[in-house]
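The model shown is predicted, which means the values in this text are computed figures rather than measured ones. For the single chain, residues carry numbers from 1 onward in sequence order. Atoms considered below: every heavy atom in the structure, side chains included; atoms not considered: hydrogens, waters and symmetry mates.
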Amino acid sequence: MAEPLALETLLVHGRPAGHPVARGEDGVRDSGAFRAGVARWRAAFTAHGGQRFALFTEDTFDFATALFGAWHAGACVYLPADARPATLDALKAHVDGFAGRAPQGQTPLAPAGNQEGAPAALQALSPDLAALVVYTSGSSGEPTAIPKRLSQLSSEVATLGRLFDADVGDVPVLATVSHQHIYGLLFRVLWPLTSGRPFDTHVLPYPEDILAALQTGPGLLVASPAHLKRLPSTLDWAAVRGNLRGLFSSGGPLTPEALQACRDLLGRAPVEVYGSSETGGVAWRRRDTDDGASWRTMPGVEVRAEEDALRVRSPHLALPAGEWFTTEDRARPVPGGFELLGRRDRLLKLEEKRVSLSAMERTLVASGLLREARVLPLTEGHRVILAVVGVPSPDGWQLQESGGRRSLSQALREKLAPHFESSALPRRFRYLEAMPVNSQGKSTEAALAALFDPKRPPFRVLERSGERALLAVDVPANSPYFDGHFPGSPILPGVVQLDWALMLGREHFALPPDFQRIEALKFQQVIPPGAQLTLELTWAKESGRLGFKLTSAAGSHASGRIVLGGGAG
């Protein structure tokens, strides 16, 4: 193992120029290239003169050089979770410039030319540097900005080294998660840099990519529950188990099914890390044999439970020293740590009565008809109603296929009726193969609410399998999409046809979060109001391609392939 270094002095003491830092398709990038890249980025940030910059780039090595370049220029880096236009536009009012990706109409910052002799001038970073602004996932509302000082990041990285360096050894870091989120930033960028462990420059969005990466040699895998619960047993995991030297999971609870899949297929349980953007890492556990193992608090972290809520005091916290942070989790203290008791109740006042959305979700799952459930409020006119997004169990799918979606929805309402007021029972339901997740592996309330968009077309399932779905789709004559397109001869816009294919594809397959491009797009004939369509969707997980064909009694209307990716790398 290489000698651990602190973030503040990483580029002061440094490592030998040939020490490997990252692995990419173009080969190994070493410490000399890292130092030179940091110097070029520092020159670019210094020449700009701003103090706050948004940074988004897919290549993790380029990201790391830009990050440290900004820090050595005394700048604070804002980390958008994705590069969608709306995300970048929202940052305009908060930053002085953009690096990597920029909003339309702005030119992103680029590293300066070769800086001969500049690397030697790099000085130690101040622990008090306002280093970072990260964002919560927005799983229960709008994302919240969380500022981080360098000392908080440095403290947490040092803690990871003390806890796990000896166990995982000197092996490359592989990841299914983005470095644009705090978990990915810490585990696949900052910790490897300080420990001298090389990291891969690209993300592994699919199980097949994980398998291929481990076939090349030993590695440590940084993953999320969203990826670990989708490991197919048909892949030859036995051939690579010996190369998996460490496995980490964070970002949400690991289901019993996912835990058992890790044990059976990968030969080990992951080190689960409990924390958040606000708290940083709080605790960890590894459940090799004990499903109910409690969480062990990290060194320097204090926890206590008050009124069932877990409270945290830690050097990783984005709070003044000594203050306690109240989490949204319920907990019970045990020697050396705590046991989680589930999320604190999310309460909503509906028809003048308080309703626990959390309790409703637990009741829905306990019905045996859903494996996962999210309940959210929707506004319809002047009133608020409750809606359910669910992932049916085999029994749930069978009930839907035999009696239609209405029969499953009614069965769920009957399961809820003994526990909740009739006025509070959900009125809208959507059923998916998997919850929609973003590049952080989180299901945001905005993404769930989008499933109930009134512009979504009515449809019914004709056939469904793991790779194919056949749907009967109605085109309402009063659809707002016909307004102005075109007066006197309304037709359904092509972009709407693409949007419907992707929207309904997400409801029937566990698709990656990011749109990349369209292939082989053809529009054969127009779609008038009132048309009754057949939509065939095919999902090729290995290539990330969602194929679609829209037909009717009049013949073919449109076809193509939508290429999707697993998030930022």
Side-chain angles (χ1 to χ4, degrees), residues 84-86 376-390 400 404-406 408-409 426-433 436 444-464 468-509 511 513 515 517-539 546-562 564:
R84 293 180 174 91
L376 64 155
L378 296 178
T379 300
E380 285 195 348
H382 298 292
R383 65 174 183 165
V384 174
I385 65 167
L386 295 185
V388 172
V389 179
Q400 176 181 274
R405 280 188 299 163
R406 182 171 295 181
L408 176 55
S409 301
R427 298 176 182 270
R428 306 281 298 280
F429 294 83
R430 292 287 181 267
Y431 304 114
L432 313 178
E433 288 285 347
T444 67
E445 191 160 298
L448 297 173
L451 297 170
F452 299 91
D453 189 322
K455 295 177 181 177
R456 175 180 176 274
F459 73 93
R460 65 186 185 278
V461 179
L462 302 176
E463 298 175 22
R464 183 178 62 85
R468 180 178 178 271
L470 193 65
L471 313 176
V473 179
D474 295 329
V475 184
N478 62 351
S479 170
Y481 289 125
F482 290 116
D483 294 345
H485 198 269
F486 295 95
S489 300
I491 61 173
L492 190 69
V495 67
V496 174
Q497 299 172 44
L498 287 170
D499 184 59
W500 284 2
L502 182 56
M503 180 189 302
L504 297 178
R506 291 200 183 283
E507 295 194 29
H508 291 85
F509 310 108
L511 301 183
F515 170 87
R517 62 184 182 276
I518 297 286
E519 294 179 343
L521 181 62
K522 296 178 182 178
F523 292 108
Q524 288 99 340
Q525 59 177 315
V526 299
I527 298 176
Q532 294 182 319
L533 304 173
T534 299
L535 172 60
E536 182 183 16
L537 297 168
T538 55
W539 170 232
L546 176 71
F548 71 94
K549 294 180 182 177
L550 277 167
T551 59
S552 72
S556 296
H557 293 277
S559 62
R561 294 187 297 269
I562 302 171
L564 302 160

Are E380 and R427 ion-paired here, with the side-chain N under 4.0 Å from a carboxylate O? no

To the nearest 0.5 Å, how far apart are CD1 in I562 and CG in L511? 9.0 Å

Measure across L378 and A449 and return the closest heavy-atom pair with its distance rounded to 0.1 Å. CD2-CB, 4.3 Å

For the CG atom of L492 and the OH atom of Y481, what is their distance to the nearest 0.5 Å? 8.5 Å

Correct closest heavy-atom pair for L408 and Q400 would be CD2-CB, 4.2 Å

CG of D499 to CZ of F515: how many Å apart, nearest 0.5 Å? 11.0 Å

Of all the heavy-atom pairs spanning A477 and F482, show the shortest one and how long it is. O-CD1, 3.9 Å

Where is the tightest heavy-atom contact between R506 and L432, given as atom of each residue plus distance? O-CD2, 4.4 Å

Supply the atom-to-atom distance L535 CG to L470 CG, rounded to the nearest 0.5 angstrom. 8.0 Å

Here the pair of heavy atoms bringing L564 nearest to L546 is CD1-CB, 4.5 Å

Partner set under salt bridge (Lys or Arg N to Asp or Glu O under 4.0 Å) for R430, not counting sequence neighbours: none

Knowing that exactly one of Y431, F548, W539, F459 qualifies, which makes a ring-ring contact (aromatic ring centres under 6.0 Å, His included) with H508? F459

Determine whether more than 12 heavy atoms belonging to other residues, nucleotides or ligands lie under 6.0 Å from atom CD of Q525. yes

Does the side chain of L462 reach to within under 4.5 Å of the side chain of L471, using non-hydrogen atoms? no

Please list all pairs meeting side-chain hydrogen bond (donor to acceptor under 3.5 Å, both in side chains) that have one or both residues in residues 546-562, counting only residues at least two apart or in different chains. E519-R561, S552-H557

Side chains of V496 and I527, heavy atoms from C-beta outward: is any pair under 4.5 Å? no

Shortest non-hydrogen contact between P457 and L504, atoms and distance: CG-CD1, 4.3 Å

Quick one: are W500 and L550 in side-chain contact, heavy atoms under 4.5 Å? no

Roughly how far, to the nearest 0.5 Å, is the CZ atom of R468 from the CG atom of L537? 9.5 Å

Any donor and acceptor pair, going by atom type alone, linking the side chain of Q524 with main-chain N or O of A558 inside 3.5 Å? yes

